[in-house]
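A quick note: this is a predicted structure, and the numbers were derived from the prediction, not measured. Starting from 1, each residue takes its place in the sequence as its number.
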Amino acid sequence: MNQVSEIDERLLIEAAQQDPSRFAELYELHFHRIYAYISRRVRDRSETQDLTAHVFQQALANLGKFSWRGAPFSSWLFRIAANAIADHARKLPRESDVEASPISNTNTEIDFEESERLACVYQAIESLPNDQRRVIVMRFADEKSIREIARELGRSEGAVKQLQFRALENLRGTVSEKANG
């Protein structure tokens with residue numbers, strides 16, 4: 001995960017406030033954490049992507065109003081994300097069965113530790129070799145069966161299982177390394 005010092009982050013913020021094209025650096029630095037935070041609460045992938053984009057659009061639009069108060073920039077982004085999730089939940093049609101709602105947790109209390117863990121997992125997935133990454137995304141994000149993946153990739157089911165096994169082993173190693181490091 002990209003970690004920067006408080007001073008470096010302040011410089012990035014000031015640069016982006018002067019030149020909005022520099023916001024991309026802040027986006028890259030915080031994207032995974034914000035995406036993980038939202039995906040933990042909004043189970044629909046498309047809605048998670050839309051809300052994440054909305055958070056960064058709001059942050060860019062209001063960057064001039066941001067002033068450093070000792071809390072990390074990510075706290076401000078998490079607050080925007082929490083508000084976006086709450087707004088999204090209010091817009092959903094009221095359903096009698098709470099379990100049917102795609103919002104898994106509308107509590108706006110921020111779970112930084114869980115978001116950090118998910119961001120670490122997302123980054124680890126991105127670092128996988130292309131074939132392994134495709135299998136993991138298809139299997140767990142797209143919820144496809146081994147047979148469907150094999151058909152789509154033009155490989156045997158055994159080959160897909162092996163790719164999945166290797167990918168999961170790589171992920172375990174990478175995530176535990178980051179957790180202990």
Nearest 0.5 Å please: distance from the [atom1] atom of [X] over to the [atom2] atom of [Y].
X	Y	atom1	atom2	answer
E157	K161	CD	NZ	6.0 Å
F23	E28	CZ	CD	11.0 Å
R45	T48	CZ	OG1	9.5 Å
I13	Q18	CD1	CD	13.0 Å
D44	I38	CG	CD1	12.5 Å
H54	N83	NE2	CG	9.0 Å

Note, [X] side chain near [Y] side chain (heavy atom, < 4.5 Å):
X	Y	value
D50	H88	no
D8	L12	no
I136	L168	yes
F56	L77	yes
R155	D131	yes
L60	Y27	no

Would a single hydrophobic cluster contain both [Y] and [X], if residues Ile, Leu, Val, Met, Phe, Trp and Tyr are joined by side-chain heavy-atom contacts under 4.5 Å?
X	Y	result
L171	L163	no
M138	L128	no
I125	I149	no
L51	F31	yes

### Query
Please walk me through it: do L11 and E14 pass side chain to side chain contact (heavy atoms under 4.5 Å, CB included)?
CA-CA 5 Å; L11 292 174; E14 289 171 7; 4.1 Å; yes
#### Entry: Ring geometry between W76 and F66 (parallel below 30°, tilted from 30 to 60°, perpendicular above 60°)
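Ring orientation, 0 to 90° scale: tilted.
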### Task
Look at the rings of H30 and F73 and say which category their plane angle falls in: under 30° parallel, 30 to 60° tilted, over 60° perpendicular.
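Aromatic pair H30/F73 classed tilted.
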### Message
One thing to verify: whether E169 and R172 come together as a salt bridge, which I'm taking to mean a side-chain N less than 4.0 angstrom from a carboxylate O.
### Response
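Looking at E169 together with R172, the answer is yes, because their closest N to O distance falls below 4.0 Å.
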Identify the two heavy atoms, one from [X] and one from [Y], that lie closest to each other, and give their separation to 0.1 Å.
X	Y	answer
V55	A84	CG2-CB, 4.3 Å
P72	E9	CA-OE1, 4.0 Å
R33	S74	NH2-OG, 3.2 Å
R139	S145	NH1-CA, 3.7 Å

### Query
Has the side chain of Q17 got a donor or acceptor atom that lies under 3.5 Å from a matching backbone atom of L63?
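Looks like yes, one N/O pair under 3.5 Å.
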### Message
Keeping Q132 on the side-chain end and P129 on the backbone end, is there a donor-acceptor pair under 3.5 Å?
### Response
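Checking the backbone N and O of P129 against the side chain of Q132, no donor-acceptor pair under 3.5 Å is found.
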### Message
Looking at E126, I'd like to know if its CD atom is crowded, meaning that more than 12 non-hydrogen atoms belonging to other residues, nucleotides or ligands lie closer than 6.0 Å.
### Response
yes
### Message
For R134, I'd like to know if atom CZ has over 12 heavy atoms of other residues, nucleotides or ligands within 6.0 Å.
### Response
no
